[in-house]
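What you are looking at is a predicted structure, and each value in this text was computed from that prediction instead of being measured. Sequence positions, counted from 1, serve as the residue numbers for this chain.
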Amino acid sequence: TKTTNTATKGGKKFTDQTGRLRGSMGSLQNSFATVRSKLLLYNFAMGMGINQMIKFAQQGAKIKNMERAFASLAASGEDAAVGVSKLRSATQGTVSDFDLLQQANNAMVLGITDSTDQMADMFDLAKKLGDALGRDTVSSVESLVTGIGRQSRLMLDNIGIIVKSEDAYEKYALANNLVASELTDAEKKQAFMNAALDAGRKTVAQLAPSTKQVSDQFASFGASMKNVGLEIGTGIGPALGSFAEGISDFINDLLH
């Protein structure tokens with residue numbers, strides 16, 4: 001009986017120790033799982049962060065190129081920062097500086113205008129037309145600039161502008177004592193632009209006075225966040241560029 005009781009107590013103790021050991025193992029597994037999940041989150045965050053930094057730097061490098069091009073293309077040699085400030089006011093802060101510079105340069109390359117004041121009027125017109133049709137400002141400005149520059153009725157249709165080329169040429173020729181069939185390409189482009197802007201202004205004149213909408217607030221927030229990214233990218237761009245160049249040289253040396 002004593003031996004049986006002793007064996008029973010020993011078995012119970014062993015069972016208790018096994019239970020405690022199992023509990024400890026469970027805690028250890030949970031700790032490992034927690035550490036593993038945290039490491040995965042850390043690696044993911046680091047990966048996303050580095051990728052985002054690279055994107056910021058790439059955008060920062062692009063906007064520097066566009067700023068130099070803007071200064072070269074602008075008739076007055078106006079500084080890009082001054083020109084962008086005018087365009088930002090015209091679009092009520094709903095477009096990022098990157099998109100503003102891109103469309104401004106696009107307008108000058110297409111030969112529409114090299115005056116930032118005229119661009120500001122065009123961008124303002126595009127925004128008002130876009131608001132009326134539920135389109136964002138960036139796509140509206142692009143439709144107006146590209147539509148006029150390429151004399152594309154389809155692009156202008158996007159923002160409610162209807163222009164007939166032949167009618168535009170006739171009107172321009174009549175106003176300038178010219179013959180429509182003898183207009184130069186530059187004169188045709190000017191005639192088309194005049195007709196497009198006139199049509200756009202007539203449409204805007206029929207609209208109610210524009211006020212700041214909730215959609216503008218969200219668009220302004222998005223534009224501000226993009227501008228912050230550009231500032232970060234411009235700051236870290238040189239360092240990341242040198243690092244990327246060093247890595248590229250190292251890889252090329254290994255391959256050759």
Within a strict 4.5 Å, meaning less than it, do heavy atoms of the [X] and [Y] side chains meet?
X    : Y    : result
E187 : Y169 : no
I63  : M66  : yes
L156 : R153 : no
F123 : L144 : no
Q92  : D131 : no
I161 : T203 : no
L197 : I148 : yes

Electrostatic pair D121-R201, nearest N-O below 4.0 angstrom: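 No, D121 and R201 are not salt-bridged.
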Is D124 paired with K128 through a side-chain N to carboxylate O contact shorter than 4.0 Å? yes
Whether over 12 other heavy atoms sit under 6.0 Å from K171 NZ: no
In terms of heavy-atom contacts, does CG of D249 have more than 12 from other residues, nucleotides or ligands at under 6.0 Å?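 More than 12 heavy atoms, drawn from other residues, nucleotides or ligands, come within 6.0 Å of this atom.
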For N106, which of I112, T146, V141 qualifies under side-chain contact (heavy atoms from CB on, under 4.5 Å)?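 With N106 as partner, I112, T146, V141 yield a single side-chain contact (heavy atoms from CB on, under 4.5 Å), made by T146.
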Check the hydrophobic clustering (I, L, V, M, F, W, Y; side-chain heavy atoms under 4.5 Å; chains of links allowed) and say if [X] and [Y] are grouped together.
X    : Y    : result
L100 : V82  : no
V138 : M155 : no
F192 : L183 : no

Pairing donors with acceptors under 3.5 angstrom, does anything connect the side chains of T137 and T94?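 Looking only at side-chain atoms, T94 and T137 do form a donor-acceptor pair, the distance falling under 3.5 Å.
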Classify the side-chain pair Q190/N194 by whether it contains a donor and acceptor separated by less than 3.5 Å. yes
In terms of heavy-atom contacts, S143 and R135 come closest through OG-NH2, 3.8 Å
Which pair of non-hydrogen atoms, one from L110 and one from K189, has the smallest distance, and what is that distance? O-NZ, 2.7 Å
Kindly say whether S165 contributes a backbone atom to a donor-acceptor pair with the side chain of K188 at under 3.5 angstrom? no
Between D216 and Q213, is there a donor-acceptor pair closer than 3.5 Å when you use the side chain of the first and the backbone of the second? yes
Output the distance between atom [atom1] ([X]) and atom [atom2] ([Y]), rounded to the nearest 0.5 Å.
X    : Y    : atom1 : atom2 : answer
M119 : N105 : CE    : CG    : 7.5 Å
D136 : T91  : CG    : OG1   : 11.5 Å
L87  : D99  : CG    : CG    : 12.0 Å

Only distances under 3.5 Å count here; give the side-chain donor-acceptor pairs of residues 221-239 to other protein atoms, sequence neighbours excluded, each with its distance to 0.1 Å.
| residue | atom | partner | partner atom | Å |
| --- | --- | --- | --- | --- |
| S224 | OG | S220 | O | 2.9 |
| N227 | OD1 | D97 | N | 2.9 |
| N227 | ND2 | A223 | O | 3.3 |
| T234 | OG1 | L230 | O | 2.7 |

